[in-house]
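Order of appearance sets the numbers: ligands from 1, and atoms from 1 within every ligand.
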Amino acid sequence: MASTKIKINKHLDLSRLPKHIAIIMDGNGRWATRRGLPRNLGHKAGCENLKRIIQHIYDLGIKYATFFTFSTENWKRPKEEIDGIFNVVRQYLDDDGSQFVERDAKVIVSGDFTKLPNDLVESIKRIVDKTKNCKKFVLNLAINYGGRDEILMGVNKAISAGKPIDNAEEFSKLLYSKDLPDPDFIIRTSGEMRVSNFMLWQLAYSEFYFTNTYWPAFSEKDLQKALIEFQKRKRRFGSL
Ligand code: FPP
């Protein structure tokens, strides 16, 4: 989490920001290919951008942020690319460990991270444990995450407990996101207009924002522009 100084757009109302913002960081590969670079350099650039954007979300005072880092479907990619993604994630967690604690920022993970390589599992456990008492900010990394798998996990927990679930709030407590509010705002970069198995249960009333910008190029200014758009939406949650 490197520190940034950036102007706040005069159209952005800092008193009406989402509580929880979730981002599908898409377009790393195309960003690199456009520049004649290997795809893994796109993931490295994506990671650098993740640091900038997390810092900015934190500086704006948004408390919860979720980033789609590795999906249950990403295992279909070549091993070299998968290893490259895991390496940047591991380096990020190892290098930024003390900065999270300094900023009172808690790191949690959504997804079955136990299926990841041992060194990454160790890095995840270390950062989660180190930051478990932090309170100001929550960074939720969706790693080896799939929305359908998460719902199945909840259903199986309910079956094991042997009693029916009475309402949606109760079911939410069986999911990875049990301690987070649902995301108010979901951003997907790179021009794709899909949900891709992301937070399927939690997105029931989320506002969506799609931009053509590839993730490594999505700047703090772009984030503010998206947030201004969020503030124009009329959220009715099913009422009039
Ligand atoms: C999608 O772009 C991106 C991913 C599958 C990986 C996202 C991972 C990072 C940004 C690494 C940093 C993460 C952390 C938590 C340190 P794509 O490869 O699908 O792009 P394409 O659609 O252009 O091929």
Side-chain angles (χ1 to χ4, degrees), residues 1-2 21-58 64-100 103 105-113 115-117 119-128 130-131 137-147 176 186-199 210-219 222-223:
M1 292 176 100
I21 184 165
I23 304 188
I24 303 176
M25 307 178 278
D26 199 5
N28 292 345
R30 277 165 288 164
W31 180 90
T33 307
R34 282 267 172 98
R35 285 164 178 74
L37 300 170
R39 290 178 58 84
N40 271 336
L41 283 189
H43 297 309
K44 204 156 178 281
C47 181
E48 290 309 312
N49 200 45
L50 174 96
K51 293 184 197 175
R52 281 189 289 270
I53 295 296
I54 291 178
Q55 179 67 48
H56 196 52
I57 290 173
Y58 176 91
Y64 301 93
T66 295
F67 288 85
F68 204 2
T69 304
F70 191 84
S71 77
T72 46
E73 287 70 36
N74 287 150
W75 293 106
K76 295 175 196 153
R77 295 187 179 206
K79 183 172 180 319
E80 195 194 343
E81 180 167 344
I82 295 174
D83 289 346
I85 296 175
F86 291 161
N87 275 338
V88 290
V89 177
R90 190 171 41 73
Q91 264 171 27
Y92 170 64
L93 296 180
D94 290 348
D95 295 352
D96 280 37
S98 44
Q99 298 206 34
F100 284 112
R103 285 166 172 74
K106 185 197 304 226
V107 180
I108 62 169
V109 168
S110 289
D112 185 2
F113 68 82
K115 301 271 156 51
L116 301 170
D119 55 353
L120 179 54
V121 172
E122 287 313 311
S123 296
I124 291 172
K125 284 186 181 162
R126 240 191 333 266
I127 191 89
V128 167
K130 204 170 171 178
T131 63
F137 178 73
V138 180
L139 170 64
N140 176 30
L141 295 176
I143 307 185
N144 195 21
Y145 173 84
Y176 294 120
I186 299 182
I187 295 175
R188 182 172 189 152
T189 57
S190 95
E192 308 296 347
M193 299 203 202
R194 290 188 287 274
V195 169
S196 298
N197 204 12
F198 184 55
M199 302 196 97
F210 298 100
T211 167
N212 288 332
T213 305
Y214 295 144
W215 171 250
F218 184 80
S219 66
D222 293 327
L223 177 67

Residue part near ligand 1, for [X], under 4.0 Å between non-hydrogen atoms:
X: Asn49; answer: neither
X: Asn74; answer: side chain
X: Leu93; answer: neither

Return the [atom1] to [atom2] distance between [X] and [Y], rounded to the nearest 0.5 Å.
X: Leu50; Y: Phe218; atom1: CG; atom2: CZ; result: 12.0 Å
X: Arg52; Y: Leu223; atom1: CZ; atom2: CG; result: 12.5 Å
X: Phe70; Y: Lys115; atom1: CZ; atom2: NZ; result: 13.0 Å

State the atoms of ligand 1, each with its element, that fall below the 4.0 Å cut-off from a heavy-atom position in [X].
X: Leu141; value: 15 (C)
X: Met25; value: 1 (C), 2 (O), 3 (C), 10 (C)
X: Leu50; value: 14 (C), 15 (C), 16 (C)
X: Arg30; value: 21 (P), 22 (O), 23 (O)
X: Thr69; value: 6 (C), 7 (C), 8 (C), 13 (C), 14 (C), 15 (C)
X: Tyr92; value: 16 (C)
X: Val88; value: 11 (C)
X: Val89; value: 13 (C), 14 (C), 16 (C)

Using side chain to side chain contact (heavy atoms under 4.5 Å, CB included) as the criterion, point out the one residue from Ile85, Val89, Asn144 that pairs with Leu120.
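The single option meeting the side chain to side chain contact (heavy atoms under 4.5 Å, CB included) with Leu120 is Val89.
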If you have a sec, work out which protein heavy atom is nearest atom 10 (C) of ligand 1 and how many Å separate them, to one decimal?
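Protein heavy atom with the smallest distance to atom 10 (C) of ligand 1: Asn28 ND2, 3.3 Å.
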Considering heavy atoms of the protein only, find what lies nearest to atom 4 (C) of ligand 1 and give residue, atom and distance to 0.1 Å.
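Of every protein heavy atom, His43 CE1, 3.9 Å lies nearest to atom 4 (C) of ligand 1.
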Can an N or O of Trp31 be found at a distance shorter than 3.5 Å from an N or O of ligand 1?
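Trp31 vs ligand 1: no N/O contact under 3.5 Å.
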Tell me whether Gly29 has any N or O atom under 3.5 angstrom from an N or O of ligand 1.
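Gly29 vs ligand 1: N/O contact under 3.5 Å present.
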Using the side-chain hydrogen bond (donor to acceptor under 3.5 Å, both in side chains) criterion, which residues pair with Ser219? Sequence neighbours excluded.
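Testing Ser219 for side-chain hydrogen bond (donor to acceptor under 3.5 Å, both in side chains), a comparison that skips the adjacent residues, returns Asp222.
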Among all residues two or more places apart in sequence or in another chain, which pass the side-chain hydrogen bond (donor to acceptor under 3.5 Å, both in side chains) test with Glu73?
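For Glu73 the side-chain hydrogen bond (donor to acceptor under 3.5 Å, both in side chains) partners, ignoring immediate neighbours, are Asn197.
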Side-chain (Trp215) to main-chain (Gly46) donor-acceptor, under 3.5 angstrom
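The answer is yes, because a donor-acceptor pair under 3.5 Å joins these two groups.
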Say whether, by atom type as modelled, one donor and one acceptor occur between the side chain of Asp94 and the main chain of Ser123 under 3.5 angstrom.
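Side chain of Asp94 to backbone of Ser123, a donor-acceptor pair under 3.5 Å: no, none is there.
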Student check: side-chain heavy atoms of Val109 and Tyr145 closer than 4.5 Å
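No, side chains not in contact.
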Quick one: are Leu141 and Leu93 in side-chain contact, heavy atoms under 4.5 Å?
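The answer is yes; the side chains approach within 4.5 Å.
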Show your reasoning for whether side-chain contact (heavy atoms from CB on, under 4.5 Å) applies to Ile187 and Ile23.
CA-CA 5 Å; Ile187 295 175; Ile23 304 188; 4.3 Å; yes
Can a non-hydrogen atom of [X] be found less than 4.0 Å from any atom of ligand 1?
X: Arg77; answer: yes
X: Gly27; answer: yes
X: Arg39; answer: yes

